[in-house]
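In what follows, a single structure is set out as structure tokens and then discussed.
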Amino acid sequence: PLEAAQTPNLDSIATDGISGLMYPIDVGIRPGSDTAHLSIFGYDIKKQYAGRGVYECAGINMEVRPGDIAYRVNAGTIDARGYVVNRRAGRIDSTQPIIDVLGDIEIDGIRFMLRPGMGHRLGMVLRGPGLSPRITDQDPYAIGTPRLQVRPFDATPETQFTASVTDAQFTANVLNKFTQITTEKLMAAEFNAELQAAGKLPANTLLFRGAGTLAPNVPSFEEKYNLRAVAVAAGPLYRGIARTLGMDVFEFSPEDHVTGTFDSNIKIKIIKALELLEQYDFVFVHIKAADSLAEDGEYEAKRQFIEKIDQALEPLVARTDILTVITADHTTSSQLKMHTADPVPVTIRGRGIRLDDTRGYSERECGRGRLNMIQGKNLMPIIIDFLGMSKLYHPDWE
């Protein structure tokens with residue numbers, strides 16, 4: 001879709017910059033959006049990764065305290081056997097009716113806190129004594145299969161966190177009880193009967209995955225790079241990553257229609273990002289829908305959305321006074337409908353950067369560029385160098 005799209009603004013920026021290909025994490029690694037972003041921002045995901053749920057919950061302004069377990073949750077559809085029919089309940093518009101039906105839930109001294117996310121998503125935080133993130137997912141990540149029973153990972157205490165195997169078994173038991181209770185309530189919910197009467201899929205189960213708890217000793221983005229940063233993003237995950245790294249997050253009004261979906265107002269994101277450069281040193285802009293469209297196999301819609309992105313980037317073309325970096329957190333294949341381990345294109349344009357012979361922004365064109373092949377962890381050091389902020393290397397730093 002990227003190579004098929006008409007992208008004059010992206011091509012102009014690439015022509016005036018230096019390009020290459022980037023493995024967001026490493027060669028042959030299929031990244032998640034969370035791990036990829038952390039890697040690109042220069043964090044050690046083996047030591048400083050909190051778990052997907054923490055970022056998703058932070059992105060919708062849920063408080064995650066030390067000892068809490070956070071989850072990303074989908075509203076899903078199951079049949080009478082408990083087999084998953086649809087992992088997104090037909091991409092239901094809002095999960096607030098689910099929360100209204102479930103109300104406050106406490107099981108064995110553990111409070112379950114739910115909040116609507118974007119579309120079919122929710123955030124979920126467990127709070128109480130004796131919890132562990134060392135548990136398997138309940139979401140099977142596939143249709144036509146039963147939901148999974150939550151189980152402890154193994155009998156080896158982890159190094160990053162302090163929870164024991166006993167805590168993991170307790171947490172798994174509580175979550176399995178939660179699945180049973182919530183499914184019974186949702187199966188009987190009036191709003192689901194109305195959805196089915198309208199020929200739509202019911203949101204009769206919650207599918208949760210990505211258990212996380214706060215990671216210790218993670219420096220903020222400003223502490224790490226001496227750059228005051230702000231995020232311009234609609235998706236909860238990306239807002240949550242920004243918040244956990246100490247970035248400010250710009251809040252759009254509902255009238256701005258910044259949604260993270262195909263019909264999102266992208267132009268206002270770019271306009272606002274340029275305005276925010278008057279107050280901040282670093283602006284992280286995230287644009288979501290190309291990924292979602294590819295996961296649904298909508299390759300033609302993805303091409304159209306890439307062209308929409310290109311049109312929105314027009315104000316950047318004339319801004320040769322700033323450092324512009326354009327890349328992605330991972331490749332999503334419209335054919336396979338999933339993330340792949342392929343490298344992503346990256347272009348950097350700014351004053352004093354030596355140009356290359358790249359004449360467009362695409363996988364093959366950027367592959368011809370002078371940046372060659374880099375890993376995500378290399379990107380921020382390159383940016384810091386281009387900003388003139390690098391310090392002379394000394395081996396004692398390692």
Side-chain angles (χ1 to χ4, degrees), residues 1 32-33 52-53 56-57 59-60 71-103 114-124 137-148 178-210 234-238 254 257-264 287-305 308 332-339:
S33 295
R52 179 75 175 242
E56 292 278 359
C57 290
I60 55 175
Y71 269 104
R72 61 188 296 212
V73 183
N74 276 12
T77 305
I78 58 171
D79 61 20
R81 302 171 301 164
Y83 280 54
V84 177
V85 175
N86 190 289
R87 292 184 60 251
R88 302 176 179 90
R91 291 197 181 273
I92 188 172
D93 292 334
S94 171
T95 54
Q96 186 60 54
I98 294 173
I99 294 173
D100 293 341
V101 166
L102 297 181
L114 295 165
R115 182 174 292 182
M118 187 171 70
H120 60 276
R121 297 184 176 92
L122 306 91
M124 181 169 76
D137 290 340
Q138 171 250 35
D139 184 347
Y141 292 87
I143 61 173
T145 59
R147 289 170 309 185
L148 303 176
F178 172 82
T179 293
Q180 182 178 355
I181 291 169
T182 55
T183 300
E184 290 174 357
K185 288 187 175 184
L186 291 173
M187 285 285 194
E190 183 178 346
F191 83 90
N192 273 325
E194 293 172 354
L195 285 172
Q196 289 179 288
K200 298 180 180 180
L201 291 172
N204 58 12
T205 192
L206 297 180
L207 302 173
F208 47 85
R209 61 200 188 280
L237 171 64
Y238 317 101
H257 197 66
V258 176
T259 62
T261 56
F262 183 87
D263 62 349
S264 181
I287 299 172
K288 170 66 179 171
D291 173 43
S292 302
L293 292 167
E295 288 178 336
D296 288 343
E298 299 286 348
Y299 55 87
E300 175 59 25
K302 181 176 179 178
R303 180 192 65 78
Q304 294 172 6
F305 189 75
K308 180 179 177 178
T332 308
S333 167
S334 302
Q335 183 178 24
L336 300 176
K337 301 182 183 180
M338 68 179 193
H339 298 189

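The figures here come from the full heavy-atom set of this structure, side chains too, leaving out hydrogens, waters and symmetry mates.
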Query - Side-chain donor/acceptor of Thr77 to backbone N/O of Leu201, under 3.5 Å - result: no

Query - Check: Pro1 main-chain N/O paired with Lys302 side-chain donor or acceptor under 3.5 Å - result: no

Rounded distance [0.5 Å steps], [atom1] in [X] versus [atom2] in [Y]:
| X | Y | atom1 | atom2 | answer |
| --- | --- | --- | --- | --- |
| Ser333 | Met338 | OG | CE | 7.5 Å |
| Lys200 | Ile92 | NZ | CD1 | 8.5 Å |
| Arg303 | Lys308 | CZ | NZ | 14.0 Å |
| Leu114 | Asp100 | CG | CG | 11.0 Å |
| Glu298 | Phe305 | CD | CZ | 13.5 Å |

Can you sort out the partners of [X] under side-chain contact (heavy atoms from CB on, under 4.5 Å), two or more places apart, ordered by chain and number?
| X | result |
| --- | --- |
| Glu184 | Gln180 |
| Asp263 | His257, Thr259, Thr261 |
| Thr179 | Gln138, Arg147, Thr183, Phe208 |
| Asp93 | none |

Query raised in the report: When you look at Tyr71 and Leu122, which way does the side chain to side chain contact (heavy atoms under 4.5 Å, CB included) test go after all the steps?
Result: CA-CA 9 Å; Tyr71 269 104; Leu122 306 91; over 6 Å; no

**Report entry** Minimal non-hydrogen separation, Ala75 against Leu206, with atom names
**Finding:** CA-CD2, 4.5 Å

Report task. Could you pull out the closest heavy-atom pair between Glu56 and Leu237, with the gap in Å? Result -> OE2-CB, 3.6 Å

Query raised in the report: Any salt bridge between Arg209 and Asp139, counting N to O under 4.0 Å?
Result: yes

Requested in this report: Could you give me the CA-CA distance, side-chain angles and deciding distance for His339 and Glu295, then say whether side chain to side chain contact (heavy atoms under 4.5 Å, CB included) is met?
Outcome: CA-CA 8 Å; His339 298 189; Glu295 288 178 336; 3.3 Å; yes

Would you say [X] and [Y] make side-chain contact, with heavy atoms under 4.5 Å?
| X | Y | result |
| --- | --- | --- |
| Pro140 | Val84 | yes |
| Val85 | Ile143 | no |
| Leu102 | Ile181 | no |
| Asn74 | Arg121 | yes |
| Ser33 | Tyr238 | yes |

All N/O donor-acceptor pairs, side-chain side in residues 186-197, below 3.5 Å, sequence neighbours left out:
from, atom 1, to, atom 2, distance (Å)
Asn192, OD1, Ala203, N, 2.7
Asn192, ND2, Leu186, O, 2.9
Asn192, ND2, Ala203, O, 3.0

Report task. Take Thr182 and Thr205 through the test side chain to side chain contact (heavy atoms under 4.5 Å, CB included) and record every step on the way to the result. Result -> CA-CA 7 Å; Thr182 55; Thr205 192; 5.9 Å; no

Report task. Count the heavy atoms of every other residue, nucleotide or ligand shown that sit under 6.0 Å from CD1 of Ile99, and state whether that count exceeds 12. Result -> yes

Query - side chain to side chain contact (heavy atoms under 4.5 Å, CB included) between Ser292 and Phe262, intermediate numbers included - result: CA-CA 9 Å; Ser292 302; Phe262 183 87; over 6 Å; no

Query raised in the report: Listed by chain and number, what are the side-chain hydrogen bond (donor to acceptor under 3.5 Å, both in side chains) partners of Thr332, not counting sequence neighbours?
Result: Asp291, His330

